[in-house]
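Working notes, beginning with the structure itself.
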Amino acid sequence: MIRRIKGTLDVFGEQACLWRYIESTFIETVRSFNYREVRTPIIEPVELFVRSVGEETDIVRKEMYVFEDKGGRRVALRPEGTAGIVRAYIENGMNRFGAPQKFFYIGAMFRYEKPQAGRQRQFHQLGVEVFGSPSPFADVETIHIAMKFLKNLGLDDARLHVNSIGCPKCRPSYKDALKKYYSEYLQELCEDCRIRYDRNVLRLLDCKVDSSIAEKAPRIQEFLCDECREHFVKVCKALDTLNLKYTVDPKLVRGLDYYTRTTYEIKVPYLGAQDTLIGGGRYDNLVRELGGPSTPAVGFAGGIERIALALEKKGIVVPRDILIYVATAGQDDTYAAAITVAETLRDRGFCVEIDLMERSLTSQMRYANRAKADYVVMVGEDELREGKFTLRDMKTGEQRKLTLHEMVEVLEKACKPLHGDS
RNA sequence: GUGACUGUAGCUCAGCUGGUAGAGCGCCUGACUGUGGAUCAGGUGGUCGCGGGUUCGAAUCCCGCCAGUCACCCCA
């Protein structure tokens with residue numbers, strides 16, 4: 001038996017419905033803010049990620065799928081979405097359309113990691129990117145979208161954590177201060193932390209082995225330059241205006257090098273170690289660093305698998321279409337009539353199933369019940385003779401004989417509350 | 001990449017100290033020659049994750065591999 005590659009997922013049935021529900025809720029939400037879709041390639045030059053995500057990050061150092069194509073090009077499966085979109089923005093000269101430019105995307109990402117629940121090698125992200133606005137209102141709009149999206153899904157218990165990690169002007173002085181502080185504790189640090197000390201000082205803050213040293217470490221807020229501090233204050237104020245609850249988390253450091261100023265994460269308290277549903281932040285220098293015009297930007301990415309897990313954990317179910325099963329009882333001529341009935345109902349927008357197994361009426365009823373059909377229409381000899389069909393409400397067991405026209409009317413009336421008002 | 005645990009029917013699991021497999025649920029059919037959910041009867045279903053070793057004999061013991069789960073690393 002050929003089996004799927006480690007860390008990949010086959011998704012179908014109920015679960016696929018859940019994914020589609022997540023995606024369509026996301027699209028609905030971003031459309032209401034007038035964001036436009038962007039689709040970029042899954043394969044990109046390795047160099048793109050080395051220069052954007054960062055040479056020293058784990059993503060680039062050990063998690064990237066890299067190969068050489070037949071033309072000798074060094075190719076990577078994208079480990080995240082932002083880099084490709086920034087590349088596309090520059091390559092297509094999107095800045096000529098003015099600012100801001102607001103995009104959303106949905107797609108597969110790849111990272112070679114040890115899989116566990118909520119962490120796949122092929123995983124799926126949805127996200128937004130805003131180009132051209134240096135304003136804290138842009139940061140907050142992306143957060144607003146993220147929170148509203150989760151709320152629309154029913155995840156109103158998601159918790160927002162925000163921080164500012166400064167800019168190239170003020171961050172170095174903070175890093176120096178951290179190094180100075182930690183240099184006195186080098187002996188007490190865990191093995192990983194000694195590596196972090198040299199490679200990425202900021203990461204020392206969220207060590208899980210021993211947090212007591214980090215507790216007393218200098219806080220970045222005290223090192224922010226005036227511009228960064230003001231920016232952060234405005235972000236917090238705007239969040240208050242929108243009534244979005246948040247926690248300022250000075251230890252919130254993100255793993256990608258391109259972030260400046262605002263960083264944020266949205267977590268849910270019941271998913272174990274993989275509890276971050278959405279992560280994002282501002283990246284004011286990335287467009288320029290990749291060769292484009294100096295363009296501030298901000299965005300987030302959310303993990304579809306994790307959001308799906310959260311919804312499952314909370315027992316949130318996807319609203320289902322009304323299902324009508326057309327059952328045949330009798331000979332071949334009833335089947336012909338049943339098809340016509342089914343098709344008429346489909347043309348009216350209903351979701352209609354008909355027997356494909358040539359089973360007995362009893363079996364068809366069993367099937368309809370199992371498929372959670374809301375109504376069964378029975379088409380048999382009697383119905384053909386009378387020109388009226390039997391409509392059975394599977395919930396109440398009530399049934400009546402109706403002409404096709406009457407049946408459509410009854411069903412449309414009955415389904416209206418479930419389809420919403422229109 | 002590191003550590004720990006797990007892997008028996010579609011699903012949840014039982015199978016004691018080695019004697020080549022069971023239950024519940026599900027699914028199919030019937031009781032019910034035009035009616036689902038309840039009940040009853042029958043039926044379908046498994047190279048015991050894969051490979052090797054020990055043994056007269058392995059689902060059971062040993063080793064390796066694969067996959068999953070949990071934590072770390074990191075992140076969505």
Side-chain angles (χ1 to χ4, degrees), chain A residues 1 3-9 13 22 53-54 56-64 79-82 106-127 146 190-193 195-196 199-200 203 206-209 252-256 263-268 271-280 299-310 325 327-331 334 357 359-384 389-399 401:
Chain A
M1 186 173 55
R3 293 194 298 177
R4 65 175 182 270
I5 285 176
K6 178 171 175 160
T8 64
L9 233 41
I22 292 167
V53 175
E56 287 300 313
T57 59
D58 279 22
I59 292 175
V60 167
R61 286 169 54 85
K62 48 184 213 195
E63 293 171 7
M64 224 168 20
E80 58 104 41
T82 303
I106 301 175
M109 309 293 161
F110 302 82
R111 286 181 207 169
Y112 194 89
E113 291 186 276
K114 189 151 179 171
Q116 63 190 74
R119 197 175 65 190
Q120 245 54 49
R121 286 185 177 177
Q122 175 178 337
F123 62 107
H124 300 81
Q125 287 188 328
L126 35 77
C190 67
E191 215 179 306
D192 289 323
C193 280
I195 298 166
R196 289 190 185 112
R199 196 169 284 154
N200 190 349
R203 285 237 85 91
D206 60 3
C207 175
K208 277 149 194 126
V209 182
L252 198 164
V253 176
R254 312 221 67 241
L256 295 82
T263 57
Y264 59 92
E265 285 183 354
I266 301 169
K267 297 173 185 245
V268 112
L271 282 187
Q274 266 63 51
D275 61 348
T276 302
L277 263 29
I278 289 175
F300 71 72
I304 294 181
E305 284 84 350
R306 288 184 186 181
I307 293 167
L309 280 176
Y325 186 92
T328 56
Q331 315 309 317
T334 62
M357 299 296 287
R359 287 201 272 233
S360 69
L361 181 62
T362 302
S363 293
Q364 289 182 57
M365 289 301 290
R366 254 206 277 272
Y367 177 87
N369 181 59
R370 208 183 66 231
K372 298 191 172 85
D374 298 284
Y375 295 93
V376 168
V377 179
M378 269 169 279
V379 182
E381 307 293 337
D382 297 352
E383 283 81 358
L384 286 189
F389 303 96
T390 304
L391 178 69
R392 182 181 178 89
D393 182 329
M394 292 296 276
K395 200 166 246 162
T396 62
E398 241 177 285
Q399 58 184 59
K401 285 199 169 175

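Proteins get letters first, then strands, A, B, ... in listed order; numbering begins at 1 in each. Please read these numbers as outputs of a predicted model, since none were measured by experiment.
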Under 4.0 Å, counting only non-hydrogen atoms across every strand here, what does [X] touch: a base, just sugar-phosphate, or nothing?
X: A:G272; result: sugar-phosphate
X: A:A368; result: nothing
X: A:L256; result: sugar-phosphate
X: A:R359; result: sugar-phosphate
X: A:Q120; result: base
X: A:L126; result: nothing
X: A:I307; result: nothing
X: A:K6; result: sugar-phosphate
X: A:G280; result: nothing

Encode nucleotides 33-38 of chain B as B, S and - characters from 5' to 3', where the letter depends on protein heavy atoms closer than 4.0 Å: B to the base, S only to sugar-phosphate, - to neither.
-BBBB-
May I ask which nucleotide in the shown strands pairs with [N], Watson-Crick or G-U wobble, both distances under 3.5 Å?
N: B:rA71; answer: B:rU2
N: B:rU39; answer: B:rA31
N: B:rC11; answer: B:rG24
N: B:rC48; answer: none

Looking only at atom [atom1], what distance separates [N] and [M], rounded to whole Å?
N: B:rA38; M: B:rG34; atom1: P; result: 23 Å
N: B:rG22; M: B:rA14; atom1: C1'; result: 7 Å
N: B:rC56; M: B:rU8; atom1: C1'; result: 25 Å
N: B:rC16; M: B:rC70; atom1: C1'; result: 29 Å
N: B:rU60; M: B:rU54; atom1: C1'; result: 13 Å
N: B:rG1; M: B:rG19; atom1: C1'; result: 43 Å
N: B:rC61; M: B:rU2; atom1: P; result: 26 Å
N: B:rU44; M: B:rA9; atom1: C1'; result: 11 Å

Donor + acceptor pair across side chains of A:Q116, A:Q274 (<3.5 Å)
yes
Residue A:R3, side-chain atoms from C-beta onward, closest of B:rC66, B:rC74, B:rC70
B:rC66
Please tell me which of the listed nucleotides, B:rC66, B:rU29, B:rC74, lies nearest to the side chain of A:S363?
B:rU29
Has the side chain of A:Q274 got a donor or acceptor atom sitting under 3.5 Å from an opposite partner on the base of B:rA71?
no
Side-chain donor or acceptor of A:R196 under 3.5 Å from a matching atom on the base of B:rC74?
no
For the pair made of [atom1] in [X] and [atom2] in [N], what is the distance, rounded to whole Å?
X: A:Q116; N: B:rU6; atom1: CD; atom2: P; answer: 18 Å
X: A:M357; N: B:rC27; atom1: CE; atom2: P; answer: 14 Å
X: A:L309; N: B:rU69; atom1: CG; atom2: P; answer: 9 Å
X: A:R203; N: B:rC74; atom1: CZ; atom2: C1'; answer: 7 Å
X: A:Q364; N: B:rG30; atom1: CD; atom2: C1'; answer: 16 Å

